[in-house]
Amino acid sequence: MSLSTDGIPFRLAPLVGRRDELRDVQQALSDSRLLTLTGPGGTGKSRLALAAASSAEGSFPAGVHWIELAPVADPLIVPNEVANRLGVPDGVGQDAVSGIAEHVAGRRLLLVLDNCEHLAAAVARLAERLLAACPELFILATSREILGVDGELSWPVPPLSVPDRTSAATASAIAEVDAVRLFVQRAQLALPSFRLSDENAAAVRNVCARLDGLPLAIELAAARMRVLSAAQLADRLADVFSVLVGGTRTAPPRHQTLRATLDWSYDLLDDDERAVLRRLAVFAGGFTLAAAEQVAATGDIGPHRTLELLARLADKSLLQVAHNGSGARYHLLGTVRDYARERLKQAAEEDVVSRSHLQCYASLVGDIAPRVDRGADGAPALERELDALDSEIPNLRAALDFARHSGDAVGALRIAAPLGRFAYLRGHYNEVRQWMDDAVTAGDDAPAGLRAQALLGSGRLALLQCDYLPAVRRLEAALRLYRDLQDEQGLAATLQVLGSVAREQGRYARSMELHAESLATAEAAGDRLAIAGAHGYLGFVLWLQGELDRGAGECTTALEMFRELADAEGIAWSLISLGTIARYQGAAERSRTLLTESRSIAERIGFGEGIAWSLEQLGLLALDAGDRAAAQMLCRSLEIHHQLRDRWRACSVLDDLSALALASNDPAQAARLLGTADALRTAIGTVVAPCERTLHDQTVTRARAALGEPAFEAAWQQGHSTHVEDVRDGMAGLLAGVETAQLAGPGTTAGGTSGAGLLPV
């Protein structure tokens with residue numbers, strides 16, 4: 001920074017973004033006489049303070065005075081440095097603070113103290129005395145640590161906004177994001193020909209996200225564009241500290257490299273703060289106070305001191321704190337975590353701390369997963385438990401990764417095996433199934449009960465993905481283990497899932513046998529939750545075959561039991577089944593009431609399958625009534641099933657949409673959708689369910705008659721090569737809004753629809 005003639009530094013490069021932050025700082029400066037901008041190194045505190053001070057000049061007749069404290073090493077000379085910079089004349093026998101107070105007196109003046117963290121105590125004492133003696137003095141400070149003065153307003157400077165990694169990777173989608181704007185500005189200084197384009201947008205997005213939007217890190221990264229492409233830069237940021245070097249020659253040494261910036265902060269910590277910071281590096285995606293007490297508090301640092309040390313790290317801007325309804329949650333910025341991880345390795349603590357982290361999350365899963373399996377005493381409690389596990393997915397990944405590399409098969413199974421119902425309810429089919437498979441194959445010496453639980457969970461998730469052969473192999477292996485263990489609850493659960501596999505393969509008699517055996521086993525074990533589930537499954541298979549009254553009886557029994565048990569998932573599924581049966585029986589209002597309640601429960605607990613099924617059935621009710629809302633509900637249902645890889649159910653929704661297209665006078669689209677569903681059924685080895693066969697055959701016959709055989713066959717074949725994710729594009733006309741009159745009236749789907757309510761598998 002250079003000094004202008006009025007004492008305010010100027011920068012050649014303009015401030016990028018920060019419009020809202022600048023407005024908030026200006027307001028805070030008018031509300032408080034001591035405002036401290038805090039944040040980690042390189043977050044842009046000085047730049048924001050400069051912009052705020054410049055804009056505030058008119059409010060301070062005695063001027064704005066900027067004093068850079070980074071070069072000052074001795075706390076004792078802070079008052080003298082400030083006095084010298086303010087031009088305070090030497091007074092015989094007068095200390096520097098008194099001299100400053102006399103010099104400022106009643107003048108309205110803004111004093112900016114930049115980079116105070118290494119002198120925090122001395123600056124705090126100076127600020128406290130000056131503010132008491134000079135009523136018109138205002139102080140704006142920048143520091144990685146709060147000063148701790150009574151009346152101080154601490155304003156954390158956030159990193160720049162970054163693009164969502166899941167957002168579209170196009171230039172237009174990310175060009176106005178502040179981190180991207182800074183990167184582009186600085187990249188063009190290094191390489192004037194650089195332009196943000198669709199070709200490099202994904203790489204630029206990833207660079208900005210990887211660097212947490214830290215301005216210094218982005219500036220250092222952009223300087224590398226002289227010798228690297230954006231894609232090369234993004235790839236090399238895995239070794240962030242070797243890449244982010246080479247700041248401008250006029251920058252302070254601590255801003256020449258990212259490592260130097262973090263060294264500056266680390267060197268200001270005491271031994272206990274350093275120990276906790278480096279141990280926190282094993283966490284991924286944030287952590288709770290309870291987890292930090294288990295993992296970071298070792299040796300001389302007991303759990304009772306963890307909160308104090310976390311607070312000190314937060315005060316020094318090395319720990320980020322987020323407040324939510326369930327309590328505070330903490331995390332390290334990615335670059336800080338990388339640095340702390342290096343320090344953890346240097347201290348030779350990585351293995352012991354990682355093992356503590358593994359035990360922490362194995363205990364967490366062991367505590368929460370059984371409550372999820374029991375339904376956690378109703379929807380609100382279940383939602384909280386599911387949210388708690390969802391928030392820890394990154395830590396579960398990290399713990400499992402350590403277990404795999406350290407050969408701890410038991411630790412891996414303790415985490416993965418109990419997560420079956422959680423994965424099912426929250427749609428984590430792929431990842432948790434892989435966790436379970438990896439844990440089972442890691443070693444045969446693990447307890448048989450854990451291996452059986454993981455095999456059952458993986459088999460259930462394989463079924464949900466319509467991978468029937470792998471599902472059966474895993475379930476039969478689990479069945480053998482449960483028989484050896486004489487575990488009736490495990491047997492009942494495994495028989496239940498095997499019955500669901502048989503159902504989806506169209507082997508209804510075998511499905512009934514397996515569900516009946518599951519019911520008998522559950523009754524022998526006195527497992528009321530499993531008994532309720534077995535009644536529901538029996539009811540489902542019954543009405544899939546058109547036995548609506550018997551099916552309704554079984555599903556009603558299941559609903560009553562699930563309500564007694566306060567099991568939100570079971571209630572949701574039973575309501576779907578009974579709502580679908582009511583629709584088949586022509587009781588539209590009763591059906592809508594049941595399905596709406598089910599959707600509400602499913603949405604409350606974040607249950608993707610339940611939401612999708614409820615939407616499908618409500619969409620079919622809308623189709624029956626000629627309501628254009630059917631298109632959106634059915635398309636959304638298809639999207640959710642596809643995201644969850646539930647291809648079995650996706651086939652039925654495709655049939656629903658073909659009926660909708662036909663009712664909307666688009667037989668070609670109906671034929672294409674029928675072709676897509678047929679290709680998907682062939683791929684997963686399933687058939688059209690008996691209760692769905694009537695509508696399916698009617699739709700095929702009517703579409704073929706409307707188009708003629710050659711055109712129907714051409715459209716059918718086109719649908720065969722259409723991916724499910726592209727179906728929505730073909731429904732664009734309906735989604736844009738179809739007049740009710742364009743749909744056939746009530747009774748369109750007479751003879752049965754494709755909406756078969758499903759119970760949990």
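- Distance CD1/I640 to NE2/H642: 12.5 Å, rounded to 0.5 Å.
- Between the R702 side chain and the Q698 main chain, no donor and acceptor come within less than 3.5 Å of each other.
- Here the side chains of R374 and P370 are in contact, with some heavy-atom distance below 4.5 Å.
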### Message
Test side-chain contact (heavy atoms from CB on, under 4.5 Å) on F540 and H515; report intermediate values, then the result.
### Response
CA-CA 11 Å; F540 179 37; H515 286 316; over 6 Å; no
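- With a 4.5 Å cut-off on side-chain heavy atoms, F287 and C360 do not count as touching.
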### Message
Working note: R590 + Q585, criterion side chain to side chain donor-acceptor pair (under 3.5 Å); need CA distance, chi angles, decisive distance, verdict.
### Response
CA-CA 10 Å; R590 171 171 165 73; Q585 294 172 329; over 6 Å; no
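- Of all the heavy atoms in G490 and T494, the pair that sits closest is O-OG1, 2.8 Å.
- Considering only heavy atoms from C-beta on, Y482 comes within 4.5 Å of L456 through its side chain.
- The existence of a salt bridge linking E392 and R329 is confirmed by a sub-4.0 Å separation between a basic side-chain nitrogen and an acidic carboxylate oxygen.
- S458 approaches D437 most closely through the heavy-atom pair OG-OD1, 2.6 Å.
- The side chain to side chain contact (heavy atoms under 4.5 Å, CB included) test with S598 is passed by exactly one of I576, I611, T593, L578: I576.
- Around CZ of R507, the count of heavy atoms belonging to other residues, nucleotides or ligands within 6.0 Å exceeds 12.
- In terms of heavy-atom proximity, A492 sits nearest to S518 at O-OG, 2.8 Å.
- Within the 4.5 Å cutoff, the side chain of L542 has heavy atoms near those of the E554 side chain.
- For R371 (side chain) and D367 (main-chain N/O), a donor-acceptor pair under 3.5 Å exists by modelled atom type.
- With hydrogens and angles disregarded, a donor-acceptor distance shorter than 3.5 Å links the side chain of R426 to the backbone of I605.
- Without hydrogens or angle criteria, S511 side chain to G499 main chain gives a donor-acceptor distance under 3.5 Å.
- With respect to E560 and R563, no salt bridge is recorded, no charged nitrogen being found less than 4.0 Å from a carboxylate O.
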### Task
Under the side-chain contact (heavy atoms from CB on, under 4.5 Å) rule, what do D487 and L491 come out as? Steps first, then yes or no, please.
CA-CA 6 Å; D487 184 333; L491 279 172; 5.8 Å; no
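- Under a 4.0 Å N-O distance rule, the pair R592/D627 does not qualify as a salt bridge.
- The distance from the SG atom of C635 to the CD atom of E616 is 12.0 Å, given to the nearest 0.5 Å.
- A salt bridge links R404 to D401: at least one charged side-chain nitrogen sits closer than 4.0 Å to a carboxylate oxygen.
- Looking only at distances, a side-chain donor or acceptor of S614 sits under 3.5 Å from a matching main-chain atom of G610.
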### Message
Please determine whether side-chain contact (heavy atoms from CB on, under 4.5 Å) holds for the pair D655 and L695, giving the CA-CA distance in whole Å, both sets of side-chain angles, and the decisive distance to 0.1 Å.
### Response
CA-CA 8 Å; D655 281 352; L695 174 65; 5.9 Å; no
### Message
Set out, in order, the CA-CA distance, both residues' side-chain angles and the distance that settles side-chain contact (heavy atoms from CB on, under 4.5 Å) for L419 and H428, then state yes or no.
### Response
CA-CA 10 Å; L419 292 176; H428 299 295; over 6 Å; no
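- Shown are R473, Q505, E504; of these, the side-chain hydrogen bond (donor to acceptor under 3.5 Å, both in side chains) with Y468 is made only by E504.
- A donor-acceptor pair under 3.5 Å is formed between the side chain of T521 and the backbone N or O of E517.
- With a 4.5 Å cut-off on side-chain heavy atoms, E431 and R397 count as touching.
- Judged by distance alone, with hydrogens and angles left aside, the side-chain atoms of S363 form a donor-acceptor pair with the main-chain N or O of Q359 at under 3.5 Å.
- Although no hydrogens or angles enter the test, the distance criterion places a donor-acceptor pair under 3.5 Å between the side chain of S391 and the main chain of A388.
- With values rounded to the nearest 0.5 angstrom, L481 atom CG is found 6.5 Å from L455 atom CG.
- Residues S637 and M633 have side chains not in contact (no heavy-atom distance under 4.5 Å, counting atoms from C-beta outward).
- The minimum heavy-atom distance linking A572 with I601 is given by the pair CB-CG2, 4.2 Å.
- In this structure, OG in S658 is found 10.0 Å from CG in L634, a value given to the nearest 0.5 Å.
- Checked by atom type and distance alone, the side chain of R460 never pairs as donor or acceptor with a backbone atom of V497 at under 3.5 Å.
- A donor-acceptor pair is defined here as one N or O able to donate and one able to accept, closer than 3.5 Å; no such pair exists between the side chain of S600 and the backbone of E597.
- Looking at E564 and R528, a side-chain N of the basic residue comes within less than 4.0 Å of a carboxylate O on the acidic one, giving a salt bridge.
- Here the straight-line distance linking atom CD of Q545 with atom OH of Y508 works out to 7.0 Å at 0.5 Å rounding.
- Ring orientation note: the planes of Y361 and H357 are tilted relative to one another, at an angle of 30° to 60°.
- Of the inter-residue distances, the one linking L595 atom CG with L575 atom CG reads 8.0 Å to the nearest 0.5 angstrom.
- The closest side-chain heavy-atom distance from V365 to R414 is not below 4.5 Å.
- Between S591 and L621 there is a side-chain heavy-atom pair separated by less than 4.5 Å.
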### Query
Where do E609 and R649 land on the salt bridge (Lys or Arg N to Asp or Glu O under 4.0 Å) test, with the steps shown first?
CA-CA 10 Å; E609 279 287 337; R649 196 63 224 153; over 6 Å; no
